[in-house]
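What follows is a set of notes on a single structure, which appears directly below.
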Amino acid sequence: MPEIVQTVARFGFLVLLWLFVFAAARTITRDLLAQRRPATAGPAAGPVSAPPAAGGRGARPQAPQAAQWLVVTTGELQGRRFVLSGQPISIGRAPDSTIVIRDDFASNRHARVRPQDGQWVVEDLGSTNGTYLGRARVTAPTPVPLGVPIRIGRSSFELRP
């Protein structure tokens, strides 16, 4: 094999190796910085799962009236329902998240569902693998229609009345 081919192959291999190292370092740094982000809107109150309320009273005025529950449709928490009380709901692996999911494809602070202008919106919090609404990747705060799945890793969530 000619010496020039060997030299080009060596440099090509080194470039690929360094690209991999930089990509791994960037991913680790983003995940570590996500852990340092302050908690959203006050102290974490733990899971907000509750049995169905009789009469449906107690909703805050800023909460949209159409959606009452965030229901987990797939994943380890499948079947759990979380009441939408007008407060933001954070989803991720961090222990102080409102909904803690143990999923290798979820970031520590992955996404947040919050009320905005009379409707619920989902926003990605800089996650590594992204948040999806239906089949579209969420890149900015996006309104969530009833029954459209929010996918985070292996888990899916839906707003329900």
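Small disclaimer: the values here were computed from a predicted structure and weren't measured.
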Could you tell me whether the side chain of L84 reaches within less than 4.5 Å of the side chain of L159, counting heavy atoms only? yes
Are V113 and V121 side-chain neighbours, meaning at least one heavy-atom pair lies under 4.5 Å? no
Rounded to the nearest 0.5 angstrom, the CD1-CZ distance for I28 and R26 is 12.5 Å
- Are any of the side-chain heavy atoms of T131 and I152 separated by less than 4.5 Å? yes
Between the OH atom in Y132 and the CG atom in N129, the distance rounded to the nearest 0.5 Å is 8.0 Å
Rounding to 0.5 Å, atoms CZ (R151) and CZ (R137) come to a distance of 10.0 Å
Under a 4.0 Å threshold between the charged nitrogen and the carboxylate oxygen, would R109 count as salt-bridged to D96? yes
Sorted by chain and residue number, the ring-ring contact (aromatic ring centres under 6.0 Å, His included) partners of F22 (sequence neighbours excluded) come out as W18
In terms of heavy-atom contacts, L133 and P145 come closest through CD2-CD, 4.4 Å
So CD1 of I101 and CZ of R80: to nearest 0.5 Å the spacing works out to 12.5 Å
CG of L77 to CG of D103, rounded to nearest 0.5 Å, is 10.0 Å
Report task. Following the transitive rule for hydrophobic clusters with a side-chain heavy-atom cut-off under 4.5 Å over Ile, Leu, Val, Met, Phe, Trp and Tyr, establish whether V138 and F157 coincide in one cluster. Result -> yes
Looking only at heavy atoms, the pair that brings P115 and G86 closest together is CG-O, 3.2 Å
Of all heavy-atom pairs linking P88 and R112, the shortest is CB-CD, 3.7 Å
Output for pair (T142 OG1, D124 CG), nearest 0.5 Å, gives 9.5 Å
Minimal heavy-atom distance between F105 and G153, with the atoms involved, is CB-CA, 3.7 Å
| Distance only, no hydrogens: is a donor on one side chain within 3.5 Å (strictly under) of an acceptor on the other, for S107 and S127? | no
TODO: Count the heavy atoms belonging to other residues, nucleotides or ligands that lie under 6.0 Å from CD of E3, then report whether that count exceeds 12.
DONE: no
Quiz item: Within 45° of the six-membered ring axis of W69 and under 6.0 Å from that ring's centre, is NZ or CZ of R81 located there?
Solution: yes
Would you indicate whether the side-chain heavy atoms of T73 and R160 approach each other to under 4.5 Å? yes
Tightest non-hydrogen contact, residues S90 and S97, listed as OG-CA, 3.4 Å
Please examine the side chains of I99 and F82, heavy atoms only from C-beta on, and report whether any two atoms are closer than 4.5 Å.
yes
Scanning both residues in full, the closest heavy-atom pair of E76 with R102 reads OE2-N, 2.6 Å
- Taking the side chain as C-beta and beyond, is there a heavy-atom pair between P141 and R114 under 4.5 Å? yes
Check your understanding: Does some side-chain heavy atom of P161 sit less than 4.5 Å from a side-chain heavy atom of L146?
Key -> yes
| said: Is any side-chain heavy atom of T98 closer than 4.5 Å to one of I91? | reply: no
